[in-house]
Amino acid sequence: MTLPVDSPLLADLNPAQREAVATTEGPLLIVAGAGSGKTRVLTHRIAYLIRESGVSPFEILALTFTNKAADEMKARVEALVGRVVKAMWVSTFHSACVRILRREAPRLGFRSSFSIYDEADSVRLVKACLAELNLDERQFPPRSLRAVISSAKAELVDFESFAARGSGRYHETVAEVYRLYQQRLLAASAMDYDDLLMVTLELFGAFPEVERVYQDRFRYLLVDEYQDTNRAQYLLTKALAAGHHNLCVVGDADQSIYAFRGADSRNILDFEKDYPEARTIVLEQNYRSTQHILEAANAVISNNPARIPKHLWTDVGSGDLLVRFEADDEHAEAEFVAAEIEELSSRNILRSQVAVFYRTNAQSRVLEEVFVRRGLAYQVVGGTKFYERREIKDVMAYLRLVVNPDDAVALRRVLNVPKRGLGDTSVGHLERFAQSRGLSLAAALVEVDSIPELGSRAVAQFGGFLDTLDLLRHKAEGGPQLALEAVLTETGYLTSIEAERTIEALGRVENLKELVTVAGEFEAANAGTIDVEGVGWEARPGVEQLEAFLQSVSLFGETDGLEDEEGAVTLMTLHNAKGLEYPVVFMVGLEEGVFPHHRALGEPGELEEERRLCYVGITRAMQRLYLISAASRNLWGVPGFNSVSRFVTEIPTQLMRTAERRELPTSSTRSSTLTRVVVGDEVRHAHWGIGRVVEVFGSGPGAEVVVDFNGLGSKHLVLAWAPLSKV
DNA sequence: GTAACAAATGTTTTT
DNA sequence: CATTTGTTAC
């Protein structure tokens, strides 16, 4: 075939990349090895469609898995084609579905301002269902029930098929919970993450004319990380591409690391079966890593049976050897990492070029302690997420109630927050009343007068709560920021936290302030933007902005807030590392039982997924890779001795050198470097900042101190454990 | 109804 | 060990 090689968009691409960009028509599979310029190809392809093929941006839909990936793609396409990118749909599967559902969900009985339940909301609802069915939480743990329901939904198994596909008492009960759970979601006009995909597909099934609209509109479809699609995402892709078949999918089966949440790498392996006319282009040249790093990655991944061999190669040279270090325990591990990073900075390697990857979030704690103590700037991606903090969820629940009065989970959450004398007894009466009359909780609330069991005080409090909500609905017309400020003041939430006068409360106030700022920024960013359907440029009224704000927060993910902070080392899980690259990478906790995780040890399938995760980790590194393990590690306060991870032994020894043991400044590696303090000392705490010692009990490392932080609260601390240092 | 304390229980990874 | 849940005393 002939390609118009004169397009500047094809200029600095290799032949395979060029073909991937210019093959615009028909199904196309791009097998993109790690670091092979995948994003570059995708963005150039979009630009090529617009600039060379004359495709309207309105006709392009690009789907990614994370908002971060979507944002990056948008930014890079914008650099190529300009502001017209704002009119394009470049989004995650989930937000694309939300955009469709905001418009179409009323056909299925949902408000267009439906709520989106995150995992915690979802667990709460499962609990409520268990209570309603008089089931024991111990026998049916809500979290695992939610997980079962979630995986069923990812496979598009509704509660009827679920009930039919198994037998026995346990299965029947789960099916019953599933049924009630769905019923409650609909009644609350709410969807969980899985519903966003499943309901969209239901919508397409029930209203072919609606499906047709989106099929016709999106003539060109691009899907990133196709190996991570689950059944629902696969079918959604298929449905949208059914009319025109201009479907371009990009992925790498070796980087499939989400099977645990329903991803099925057969989707990418079977692409050519689904679309017999498909072209396949393989990108094998790696532009990211040194040869040594690539060889290590290839060596590890080749231990997975039944994979299609791939030969990633690079011409950047062999580079440094990988660095291997075995620490005595997790503290020594963290000390080594910190010391090594300091050593690297003395050789002009910036901290922002360094990342530390671990298997589980809990592993970040020791690293953080050590980094704080040594004054090493770092940022953690993920972990306790901002939007999952209690105070944030509380005020967001108020906002959700403002736009969706049916949201029962949000209602239950804030009915007595802040405390207004509506405890379990009163709320229990309300719930029984609602249930007996077949009313929603919101509807029952309006009729509290007719609940005989309630005392006059409770009735008045319920009434006051309703009035507050009305007031908030009124204020919400002023947009997200004003709505939020109204929640903080009118509900008494802020006052009640401030009244606690503790350090923790101070932190919460800070977080709430931050949220107000975020809301303000959201307004600024969305003022006068083009509206969802591209109908025209118009500022959206306050309540609609609020809905959009809630939606963006609901779908806000792990890596999304990540900006390369100047001078800070980045800490994250291996899962979060996908799609990123760093000149220097530390992989820690390379021990059997940690990585590979003990849950995977007996399961060949899961072990292979762990190995792919390892492959992902290794291939993030550009120049330098450290492989670190600890001979002993405390797990849940109990010391454990794990052997070195099989992944380390799978790497040829000639690719590695063993690091020398560094001189460690302190041998008794505990959190605090302080052994002696006196009243009046100024100290710095990892989380709470600077404070003054006001009391000391006992002596030595076992001593307890009382520290007054900023005069705004004080804290009892055990000297040996608290991450304290002298100012 | 709430606050303070004791016990139990749980950790993989995430849109 | 850290958070959440259950129990007790006000």
Side-chain angles (χ1 to χ4, degrees), chain A residues 63-70 91-98 116-120 122-123 127 137-138 141-144 147 150-151 153-154 191-197 224-225 228-230 232-233 256-263 330 357-366 369 381-385 387-390 416-428 455 457-458 461 496 500 504 554-560 572-578 589 593-601 603 606 609-610 612-614 616-617 634-639 671 718 721:
Chain A
L63 296 172
T64 63
F65 276 80
T66 63
N67 293 306
K68 185 180 201 305
S91 68
T92 62
F93 272 97
H94 294 267
S95 33
C97 287
V98 171
I116 299 170
Y117 282 4
D118 67 11
E119 197 173 317
S122 171
V123 169
K127 280 187 182 172
E137 284 190 14
R138 266 193 269 269
R143 297 185 60 84
S144 58
S150 172
S151 19
K153 287 187 181 184
M191 301 189 206
D192 61 23
Y193 289 146
D194 304 299
D195 281 337
L196 296 177
L197 305 169
D224 193 13
E225 307 278 15
D228 283 330
T229 47
N230 63 23
Q233 288 158 331
S256 160
I257 55 173
Y258 287 110
F260 71 92
R261 104 183 173 208
E330 71 270 29
F357 301 153
Y358 36 81
R359 179 63 178 81
T360 63
N361 280 306
Q363 287 171 261
S364 77
R365 220 191 82 242
V366 180
E369 273 173 22
V381 178
T384 25
K385 289 151 260 176
Y387 291 107
E388 284 176 14
R389 289 164 199 273
R390 197 202 330 164
N416 198 29
V417 177
K419 301 254 153 52
R420 45 172 78 86
L422 296 171
D424 293 343
T425 327
S426 305
V427 176
R457 204 171 43 115
Q461 292 291 349
S496 83
E500 285 180 37
E504 288 85 351
S554 304
L555 299 177
F556 195 90
E558 283 297 306
T559 46
D560 299 345
M572 69 180 98
T573 62
L574 285 151
H575 281 85
N576 274 323
K578 188 153 87 159
V594 177
F595 186 37
H597 194 269
H598 71 89
R599 290 278 307 263
L601 289 182
E603 305 286 326
E606 289 187 37
E609 179 145 310
E610 297 281 307
R612 290 192 294 269
L613 190 56
C614 184
V616 167
N634 284 318
L635 286 174
W636 309 314
V638 183
S671 300
V718 178
W721 282 102

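Computed from a predicted structure; not experimentally measured.
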Answer with base, sugar-phosphate or nothing: what part of the nucleic acid does T425(A) contact at a heavy-atom distance below 4.0 Å?
sugar-phosphate
Starting from P on dT9(B), measure out to CZ on R138(A) and report it in whole angstrom.
7 Å
Roughly how many Å is it from CZ in R599(A) to P in dT11(B), rounded to a whole number?
9 Å
If you compare every side-chain N and O of R365(A) against the phosphate oxygens of dA2(C) (OP1, OP2), does one of them come in below 4.0 Å?
yes
Atom pair distance, as rounded to whole Å: OH in Y387(A) and P in dT14(B):
18 Å
Determine which nucleotide pairs with dC1(C), using a 3.5 Å limit on both distances of a Watson-Crick or G-U wobble pair.
dG10(B)
May I ask you to verify if any side-chain N or O of K419(A) is less than 4.0 angstrom from the OP1 or OP2 atom of dA3(B)?
yes
Given 3.5 Å as the limit, does a donor-acceptor pair link the side chain of E610(A) with the main chain of A600(A), or not?
no
Applying a 4.0 Å non-hydrogen cut-off, can you work out what E606(A) is touching in the nucleic acid: base, sugar-phosphate, or nothing?
base
What is the distance, to the nearest angstrom, from the CG atom on N67(A) to the P atom on dT15(B)?
8 Å
Specify the separation, in whole Å, of atom CD of E603(A) and atom P of dT13(B).
18 Å
What nucleic acid atoms does F93(A) come within less than 4.0 Å of, heavy atoms only: base, sugar-phosphate, or nothing?
nothing
Atom CZ of F65(A) and atom C1' of dT15(B): how far apart are they, to the nearest Å?
9 Å
For dT11(B), does OP1 or OP2 lie under 4.0 Å from any side-chain N or O of R143(A)?
yes
Let's see if you can work this out: which of dT2(B), dT13(B), dT15(B) has an atom nearest to the side-chain heavy atoms of T573(A)?
dT13(B)
Without swapping roles, check the side chain of D192(A) against the backbone of Y117(A) for a donor-acceptor pair under 3.5 Å.
no
Distance flag, aromatic centroids of H575(A) and F260(A), threshold under 6.0 Å:
yes
Stacking between F260(A) and dT13(B), defined as ring centres under 5.5 angstrom apart with planes under 30°, is that present or not?
yes
Are Q363(A) and T360(A) linked by a side-chain donor-acceptor pair shorter than 3.5 Å?
yes
Whether N361(A) contacts dT13(B) is assessed here as follows: a side-chain N or O lying under 4.0 Å from the phosphate OP1 or OP2. Is that the case?
yes
With DNA chain B as reference, determine whether H94(A) or T360(A) sits nearer its 5' end, using the nearest nucleotide of each.
T360(A)
Of dT15(B), dT14(B), dT5(C), the nucleotide closest to the side chain of K127(A) is dT5(C)
What is the nucleic acid contact for D194(A), judged by heavy atoms within less than 4.0 Å: base, sugar-phosphate only, or nothing?
nothing
dT15(B), OP1 or OP2 - any side-chain N/O from S95(A) closer than 4.0 Å?
no
With a 4.5 Å heavy-atom cut-off, do L197(A) and N230(A) have their side chains touching?
yes
Between P on dT3(C) and CZ on R390(A), what's the gap in Å once rounded to a whole number?
11 Å
In whole Å, what is the span from the CD atom of Q233(A) to the P atom of dT14(B)?
16 Å
Nearest to the side chain of N576(A), heavy atoms from C-beta on, is which of dT2(B), dT15(B), dT14(B)?
dT14(B)
Expected output: side-chain E137(A) to main-chain K127(A) donor-acceptor under 3.5 Å:
no
